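The shown structure was predicted, so the numbers you read here are calculated from the model rather than taken from an experiment.
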Amino acid sequence: NSAGTISLGSTVNTAGAQSYTATTSTTFNGNINTDAAANGVAGNLTVSGPAILGAAISIDTDGSTTDANVSFSSTINGAQTLGVTAGTGIVTFTGAIGATTAPTSLTVNSAGTISLSSVTTAGAQSYTATTSTTFNGANIKTDGGATAGNLTVSGPAIVGVAVAIDTDSTTDGNVSFSTTINGAQT
């Protein structure tokens with residue numbers, strides 16, 4: 001916990017939960033793994049306050065016997081790739097992703113649920129959730145760069161608010177939903 005900033009200089013591997021709380025920002029410069037327990041039980045990752053991607057980041061809470069949740073309570077920015085693998089864990093992004101500095105891509109895999117706010121990337125976005133991916137932000141954009149990335153949603157999608165999807169750039173991206181889209185929104 002910090003009233004200012006937290007900066008993680010490299011990969012952090014734990015045999016349990018990781019929690020970072022910083023009012024200014026938490027900067028990630030290496031991968032985050034909470035699945036290093038010998039018994040196969042992963043721990044939750046909780047980030048409270050703004051997050052910055054200082055390097056390409058892979059988050060893994062997919063334990064060999066028990067999976068864990070990933071939760072970001074605020075914004076995520078940084079021109080890097082972000083990948084999340086949570087097994088059956090719930091993945092929640094409450095704040096906007098890429099509102100200031102768009103990640104180059106975002107890939108999220110969960111056999112549980114994924115919940116997103118607005119997301120802007122300079123490349124592809126891919127969401128795979130067996131239960132559902134819920135869009136709770138006004139914009140899903142893959143056009144943060146000259147070449148837009150593809151938007152791929154595998155598994156049921158829920159539209160929690162009116163959402164605009166934008167894959168239009170100098171070179172456009174494709175949009176693909178593999179199954180149902182539900183929600184009384186536009």
Indicate yes or no for a side-chain donor-acceptor contact from [X] to the backbone of [Y] under 3.5 Å, with no hydrogens or angles considered.
| X | Y | value |
| --- | --- | --- |
| S169 | G145 | yes |
| T65 | N39 | yes |
| S132 | I158 | no |
| N150 | N174 | yes |
| T107 | G83 | no |
| T167 | G173 | yes |

Examine [X] and [Y] and state if one hydrophobic cluster contains both, with Ile, Leu, Val, Met, Phe, Trp and Tyr joined whenever side-chain heavy atoms are less than 4.5 Å apart.
| X | Y | value |
| --- | --- | --- |
| I90 | I32 | no |
| I52 | L45 | no |
| I97 | V175 | yes |

Given side chains that start at C-beta, do those of [X] and [Y] come closer than 4.5 Å, heavy atoms only?
| X | Y | value |
| --- | --- | --- |
| T92 | N69 | no |
| N77 | P50 | no |
| T81 | P103 | no |
| T121 | S105 | no |
| N33 | T11 | yes |

Let me know which of [options] forms a side-chain contact (heavy atoms from CB on, under 4.5 Å) with [X].
| X | options | answer |
| --- | --- | --- |
| F135 | V161, V153, I181 | V153 |
| T34 | T61, V12, D67 | T61 |
| Y20 | T27, T46, T26 | T26 |

Spacing of CG belonging to D143 relative to CG belonging to D166, to within rounding of 0.5 Å: 4.0 Å
Is there a side-chain contact (heavy atoms from CB on, under 4.5 Å) between V91 and T113? Walk through the geometry before answering. CA-CA 6 Å; V91 180; T113 62; over 6 Å; no
F93 and F72 aromatic ring geometry - parallel, tilted or perpendicular at 30°/60° bounds: parallel
